[in-house]
Peer 1: 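Have a look at this one.
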Amino acid sequence: MRPRSTFLGFIFPGSRFQSPAFRCSTLLPVVATALLLGGCQTSSSVQDGPLGPWTDDPMRNAPPITRGLDAAGLTMLLGAELAGQRGDYRYASQGYLEAAQRYSEPALAERATFAARFGNEASLIEASALRWRELDPQAETPNRLLAAFSLQRGDWLDSLDQRLAIVEAGGHGDIAAFAEIAVAEEAPLTLILQQLREHLAAPNADQLTHHSDVLLATALIEAALGDTTLAQQRLDQVAALEPDSASLWLVKARLALETEDYSVARQAAQQGLDLSPEDVRFILLLAQAEIRLNNISAAEAQTNALLESHGGNEDLRLALAQLYLEEGHPAPSQRLLQSFIGQDNVPDLAYYLLGAITQSQGDIDDALLYYRQVREGEEFLPARATAAQMLIEADRQLDARAFLRIERMRFDNYFTELVMLEVQLLDEMGQQEDASALLDREITRTPDDTSLLYMRAMRHWGQGDIAAMEQDLRQVLATDPDNAEALNALGYTLADLNLPGRLDEAYALIERAYEQAPDNPAVLDSMGWVYFRLGKPEEALPWLESAYAQLPDQEVAAHLAEVLHALGRSDEARQLLQRFMQRTNQHPQIDELLERLPELSP
């Protein structure tokens, strides 16, 4: 996969490898804030607290002592139990997991999972849950844990697989909650929808206990993709099955907002709030419907009353202030934020929003003061980026650069990110020479800063200077030999250029990247592409299919289509390209493929 470097939501022209420096969050969308406030938590039978006593004999179904529990096995179990009693949950989990491997008893794997969870040992939780599920496929808890781990890794399809397995076993997979997060986080919705539809098309799917939850999730995804008619049909099905479901009214309200039927949205949000008074998502949807109906006074009165009933919930107040601002009403947003002024510990998001409000009023200097009060943390970089962009738009470029320079001196922890921000802003203003000079100067001062070196390498790549790109990536690897991004960028570039005598080198670099980041779809794509360049399309195919499942972008689609074509599966390649081209009008890499292979044109 080509070099990509992502920064503050922007992508450097022509680049495809993700920057290793950081991923900076911009202001949370209101729907994401609502999800965080609403919880969207899955239920779980795993309880917090100290490791309790056995409720049943874990070896009840284990082989007799003469056949299995030898001295080593007994020592293993006693060691794990004693470790748990003294609070050494890592050792306890390892012991129980080893015992679960030795004796095929689900209770041992369950015990290992609980101990790992109490000790917050992520790798052990996952390993123990996998063994638990292997020994007891009908158990719901291990699937829940594995689904959560997949979601944390960004493996949306695997997480959905685990959840659907719970549904098929008769449990509640929280599919609708998963779909809400997927929409908010811009997950691969087309592939998720395909998986949901396959489940719904299976025999007896409508007989499962939580069929309505899957229908709601499917409706959410369909609505997000613009298929509102089919989404409404799903909701009608749910209404016939569970008319008093709060989740039904949540999706109804969102769909009505999507179709600009704001009166229906208000009615649905109110119905949901009556059913679930503590669910703040309904409060946000109700406020949003009132705002869209231009009932600002009514919206304020209602939201103020709801805030009082929720004890002045600060997170809810911030979410409502953000909602008003995003809907183009800064005055009520500012009124909601006034209560934070003068507090000992004002939330950073409040300063950020106050900066945006003041900026919208044209008071640049006061807005800058608010942005500068945002402390180190999640909102720090978005605040500096917004402030610098604000100064540039006010034709105060020198002030913007001086501001970023001062911030670099004030916040040493963010030195690299602030340099990268200034470089990107200069590039956007067409001042590439100044951007290059700044980057060169700071790399001279900090020659081991791998993030700045990587950024410069990507700029060289964009300018077509492959030799300079390779030199910088080699310097990154000299400092950090296991840097997966640099290994992948260099390996992919050598493979894509198909340089004579360097394909084996490209393969070795990508293989090292895979060892460091086996779940990175960019690395999987690179591995598939280098196999193809080596004349091994059969070996390339599974790598590219796996990459496309996780990252269905145009470059991976083009690679996969070309490999399918090489394997004589041109019809599948055309279908793949057609599906992708229906999603967007901008697909230059697919256009380039079709210029080379016009027979693949859909």
Peer 1: Kindly indicate whether the side chain of Leu473, heavy atoms from C-beta on, has any atom under 4.5 Å from the side chain of Tyr454.
Peer 2: yes
Peer 1: Got a second to check how far Ile364's CD1 is from Leu368's CG, nearest 0.5 Å?
Peer 2: 9.0 Å
Peer 1: Under 3.5 Å, is there a donor-acceptor pair between the side chain of Asp174 and the main chain of Ala177?
Peer 2: no
Peer 1: Set out, in order, the CA-CA distance, both residues' side-chain angles and the distance that settles side chain to side chain donor-acceptor pair (under 3.5 Å) for Thr358 and Asp366, then state yes or no.
Peer 2: CA-CA 7 Å; Thr358 309; Asp366 280 354; over 6 Å; no
Peer 1: Just checking Ile341: does its CD1 atom have more than 12 heavy atoms from other residues, nucleotides or ligands closer to it than 6.0 angstrom?
Peer 2: yes
Peer 1: With Asp348, which residues qualify under salt bridge (charged side-chain N to carboxylate O under 4.0 Å, His left out), at least two apart?
Peer 2: Arg375
Peer 1: Might you confirm whether atom CD of Gln343 has over 12 heavy atoms from other residues, nucleotides or ligands at distances under 6.0 Å?
Peer 2: yes
Peer 1: Would you check if Asp279 and Leu273 make a side-chain contact, meaning some heavy-atom pair closer than 4.5 Å?
Peer 2: no
Peer 1: Please work out which of the three classes, parallel, tilted or perpendicular, describes the rings of Tyr492 and His559, given edges at 30° and 60°.
Peer 2: tilted
Peer 1: Go through Tyr507 and Trp529 one step at a time and tell me if the ring pair (Phe, Tyr, Trp, His ring centres under 6.0 Å) criterion holds.
Peer 2: CA-CA 10 Å; Tyr507 175 81; Trp529 197 236; over 10 Å; no
Peer 1: Kindly indicate whether the side chain of Val419, heavy atoms from C-beta on, has any atom under 4.5 Å from the side chain of Leu452.
Peer 2: yes
Peer 1: Evaluate the criterion side chain to side chain contact (heavy atoms under 4.5 Å, CB included) for residue pair Leu255 and Asp261; output intermediate values, then yes/no.
Peer 2: CA-CA 9 Å; Leu255 182 58; Asp261 193 344; over 6 Å; no
Peer 1: Would you check if there is a donor-acceptor pair between the side chains of Gln373 and Tyr351 at a distance under 3.5 Å?
Peer 2: yes
Peer 1: Ignoring hydrogens, what is the shortest heavy-atom contact between Val423 and Ala435? Give both atom names and the distance.
Peer 2: O-CB, 3.7 Å
Peer 1: Short question: side chain of Asn483, backbone of Ala486 - any donor-acceptor pair under 3.5 Å?
Peer 2: yes
Peer 1: Determine the minimum heavy-atom distance between Gln424 and Met455, stating which atoms define it.
Peer 2: N-CE, 4.4 Å
Peer 1: Output every pair passing salt bridge (charged side-chain N to carboxylate O under 4.0 Å, His left out) with a member in residues 468-478, not counting sequence neighbours, ordered by first then second residue.
Peer 2: Arg456-Asp472, Glu470-Arg474, Glu470-Arg502, Arg474-Glu505
Peer 1: Output a table of donor-acceptor pairs, distance under 3.5 Å, between side-chain atoms of residues 402-409 and any protein atom two or more places apart or on a different chain; print 'none' if there are none.
Peer 2:
from   : atom 1 : to     : atom 2 : distance (Å)
Glu407 : OE1    : Arg384 : NE     : 2.9
Glu407 : OE1    : Arg384 : NH2    : 3.1
Glu407 : OE1    : Arg410 : NH1    : 3.3
Glu407 : OE2    : Arg372 : NE     : 3.4
Glu407 : OE2    : Arg372 : NH2    : 3.1
Glu407 : OE2    : Arg410 : NH1    : 2.8
Arg408 : NH1    : Glu422 : OE1    : 2.7

Peer 1: Walk me through it: do Gln389 and Leu425 pass the test side chain to side chain contact (heavy atoms under 4.5 Å, CB included)?
Peer 2: CA-CA 8 Å; Gln389 189 69 50; Leu425 290 173; 3.2 Å; yes
Peer 1: Return yes if some donor-acceptor pair links the side-chain N/O of Gln554 with the main-chain N/O of Gln589 below 3.5 Å, else return no.
Peer 2: yes
Peer 1: If you apply the rule salt bridge (charged side-chain N to carboxylate O under 4.0 Å, His left out), what do you find for Arg445 with Glu442, and how did you get there?
Peer 2: CA-CA 5 Å; Arg445 293 177 182 173; Glu442 298 306 337; 3.2 Å; yes
Peer 1: Any side-chain heavy-atom pair from Ile296 and Pro332 closer than 4.5 angstrom?
Peer 2: yes
Peer 1: Which atom names give the shortest non-hydrogen contact between Leu257 and Ala289, and what distance separates them?
Peer 2: CD2-CA, 4.2 Å
Peer 1: Distance from Leu560 atom CG to Leu577 atom CG, nearest 0.5 Å?
Peer 2: 8.5 Å
Peer 1: Any donor and acceptor pair, going by atom type alone, linking the side chain of Thr259 with main-chain N or O of Ala256 inside 3.5 Å?
Peer 2: yes
Peer 1: Just do the side chain to side chain donor-acceptor pair (under 3.5 Å) check on Gln359 and Tyr371 with the steps written out, would you?
Peer 2: CA-CA 10 Å; Gln359 179 183 348; Tyr371 287 133; 2.7 Å; yes
Peer 1: For Gln475 and Gln471, which I'm curious about, is there any donor-acceptor pair between the side chains at under 3.5 Å?
Peer 2: no
Peer 1: In Å, rounded to the nearest 0.5 Å, how long is the span from CG of Leu487 to CG of Leu477?
Peer 2: 5.0 Å
Peer 1: What are the two closest non-hydrogen atoms of Ile590 and Ala557, and how far apart are they?
Peer 2: CD1-CB, 4.4 Å
Peer 1: So, are Arg292 and Glu260 salt-bridged, with charged N and O less than 4.0 Å apart?
Peer 2: no
Peer 1: Could you tell me if the side chain of Arg266 sits less than 4.5 Å from the side chain of Leu293, heavy atoms only?
Peer 2: yes
Peer 1: Measure the spacing between CG of Leu307 and CD of Glu300 and express it to the nearest 0.5 Å.
Peer 2: 11.0 Å
Peer 1: Would you give the length of the straight line joining atom CG of Leu320 to atom CG of Leu318, rounded to the nearest 0.5 angstrom?
Peer 2: 9.0 Å
Peer 1: Give, for atom CD1 of Ile221 and atom CD of Glu180, the distance between the pair rounded to the nearest 0.5 Å.
Peer 2: 10.0 Å
Peer 1: Please verify the inter-ring angle class for Tyr414 with Phe411; under 30° counts as parallel, over 60° as perpendicular, anything in between as tilted.
Peer 2: perpendicular
Peer 1: Any side-chain heavy atom of Trp156 within less than 4.5 Å of one from Phe178?
Peer 2: yes
Peer 1: To check you understand the geometry: which heavy-atom pair defines the closest contact between Leu494 and Leu503, and what is its length?
Peer 2: O-CD2, 4.3 Å
Peer 1: What is the minimum heavy-atom distance between Leu285 and Ala253, and which atoms define it?
Peer 2: CD1-CB, 4.0 Å
Peer 1: Could you go through the side chain to side chain donor-acceptor pair (under 3.5 Å) check for Ser526 and Tyr514 one step at a time?
Peer 2: CA-CA 9 Å; Ser526 297; Tyr514 177 71; over 6 Å; no
Peer 1: What do the steps show when you test Leu421 against Glu417 for side chain to side chain contact (heavy atoms under 4.5 Å, CB included), and what is the final call?
Peer 2: CA-CA 6 Å; Leu421 171 58; Glu417 291 87 343; over 6 Å; no
Peer 1: Does the distance from a Lys or Arg side-chain N to an Asp or Glu carboxylate O, for Glu515 and Arg512, drop under 4.0 Å?
Peer 2: no
Peer 1: So do the side chains of Arg317 and Ser339 get within less than 4.5 Å of each other, counting heavy atoms only?
Peer 2: yes
Peer 1: Counting only N and O atoms by type, is there a donor-acceptor contact under 3.5 Å from the side chain of Tyr352 to the main-chain atoms of Pro347?
Peer 2: no
Peer 1: Start with the C-alpha distance between Arg281 and Leu284, add both sets of side-chain angles, then the distance that settles side chain to side chain contact (heavy atoms under 4.5 Å, CB included), and finish with yes or no.
Peer 2: CA-CA 5 Å; Arg281 294 173 296 176; Leu284 291 171; 5.7 Å; no
Peer 1: Hey, are Asp465 and Arg459 close enough for a salt bridge, meaning a charged N less than 4.0 Å from a carboxylate O?
Peer 2: no
Peer 1: Do His329 and Leu323 make a side-chain contact, defined as non-hydrogen atoms from C-beta onward lying under 4.5 Å apart?
Peer 2: no
